[in-house]
Protein chains: 2
Amino acid sequence: MVRPIKKKQIPNLQDAIKEAAWKQITEFGAPALSLRAIARELKITAPAIYNYFPDRDALVTALIIDAYTSFGDWQIEARDSASSDDLHNKLEAIGLAYRNWALTYPQRYQLIFGTPIPGYTAHREKVFPSSARSISALFNVVEEFYAAGKLNIDAVPAVSETYKTHYERWRTYFSEINPLSVFVAMIIWARVHGIVSLEIQGNLPSFGKKGDALYLFELNSISRQFIKE
Amino acid sequence: MVRPIKKKQIPNLQDAIKEAAWKQITEFGAPALSLRAIARELKITAPAIYNYFPDRDALVTALIIDAYTSFGDWQIEARDSASSDDLHNKLEAIGLAYRNWALTYPQRYQLIFGTPIPGYTAHREKVFPSSARSISALFNVVEEFYAAGKLNIDAVPAVSETYKTHYERWRTYFSEINPLSVFVAMIIWARVHGIVSLEIQGNLPSFGKKGDALYLFELNSISRQFIKE
DNA sequence: AAAAATAAATAAACGCTGTATATTTACAGT
DNA sequence: ACTGTAAATATACAGCGTTTATTTATTTTT
């Protein structure tokens, strides 16, 4: 057999490859990802994959983009589910969604925020849009607080030059956003990320989805420190 | 040639293997670590390594323990360098040491807090002592604040049961420590870790060792929130 | 409808990896 | 000097990502 007839082929092989990849990652962890194993599962040969992805890194990049998109969906859904005039509620919803997504899809989380694939080197330019979109929900809400004059920026320092060039890239993906809002949003992001990444990696005890005292405390701390009244 | 005579052998081959491994990790990144490449560098054959490490994971575990030890050295040195009655100074020194170590040895940092080695599965029991030691400096200082009645624990919630069993393991490595101190220390740790891990992974702009506005702001936030007067 | 072009798959092979097994030999203890 | 042990090599295996050449199903052109 050299090439199966169309009826026996898998339609949308590109998607099938990604699905098989996710299945492997979920089951055996990201580092176990193997093109040959994917091929075995789909009953094709390994080089056939190269018709759809130029190399393994391209496949991983596609997976990372999918993960960011999934993450962004949760973030944006959290932002939009809360009524638009209750900013506090929105901020908390986004915070909770961050951890819930990470606990629901720990492998996707690791794929994004860890570096669990053997020789993979990130293709930042390709990933950037989905990445920027996923953080946009948080940035938007912080900016809304700022616009409403409710953002406490008394102690927030001026933005340095290197920093400015970095966030300029982001600005094209969000509506207009104030440098001070960026600073606060990044602090929030870092705090939330700090707990969740320690928790996912097993350095913190897992409280489960409901027993999240430490996390809730931090969300509360964020509100008290950065939101007026 | 089957076995070189002793004069031509490398003394302390075990250490030489680890050194070569670190050299590779520093140069090409952790995922590129290869037993065969180490063997080539040391001009021995790959199976010879198995006389010193039962498998590759054992070598990685040894490297992780070394990394934790190095990290712990910096932490403890920071704790002890500040005069013992200036607790604020001690806390800040530990915080700065955390980031400085990470920026000095990004590969070691990734080895500990990322999961960058292909199929490596952590040997937690073996790593635990060096890991616990490295965090002990922070825990100690927080506990000192508590003992001096200067720890602000008003808003800190009661410790849950799952949490208690976890920190009981740590207690054997520190002197007596209060549950509330543990909670605060973990918050501090998570905050510091959040920024540094984003920074190391390139998700935050690198400010360099001096331009660390965001980090200094967080250290300041920690002091204001948790330290009285 | 036949022929040519294209695209998608296989087959085979290369060099790399970690690791197991058997073999050799330098060295230590008696 | 002999023997036993420990540390190295030699060889081999299976798996990996990837490259090249080949085959063939499908599409396009004549």
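- Taking atom CG on N51(B) and atom P on dT24(C), their separation rounds to 18 Å, with Å as the unit.
- The side chain of T45(A) lies closest to dA11(C), out of dT19(D), dA11(C), dA13(C).
- Looking at residues 17-25 of chain B, you'll see that no heavy atom sits under 4.0 Å from any atom of DNA chain C.
- Contact record, R124(A) with Q201(B): NH2-O, 3.1 Å, taken as the closest heavy-atom pair.
- Ranking dA9(C), dT20(D), dC16(D) by closeness to the P47(A) side chain, first place goes to dT20(D).
- Each of L35(B) and A46(A) has a nearest nucleotide on DNA chain C; the 5'-most of these lies closest to A46(A).
- Judged by distance alone, the side chain of N12(B) and the main-chain N or O of D15(B) form no donor-acceptor pair under 3.5 Å.
- Taking atom CG of residue L13(B) and atom C1' of nucleotide dA7(D), one finds them 10 Å apart after rounding to whole Å.
- Partners of K126(B) by salt bridge (charged side-chain N to carboxylate O under 4.0 Å, His left out), not counting sequence neighbours: none found.
- Inter-axis angle, ends of the helix from dA1(C)-dT30(D) to dT30(C)-dA1(D), five pairs per end, rounded to 10 degrees: 10°.
- Listed pair R40(B) / dC16(C) fails the phosphate criterion, with no side-chain N or O lying under 4.0 Å from OP1 or OP2.
- The side chain of S34(B) places an N or O atom within less than 4.0 Å of a non-bridging phosphate oxygen (OP1 or OP2) of dG18(C).
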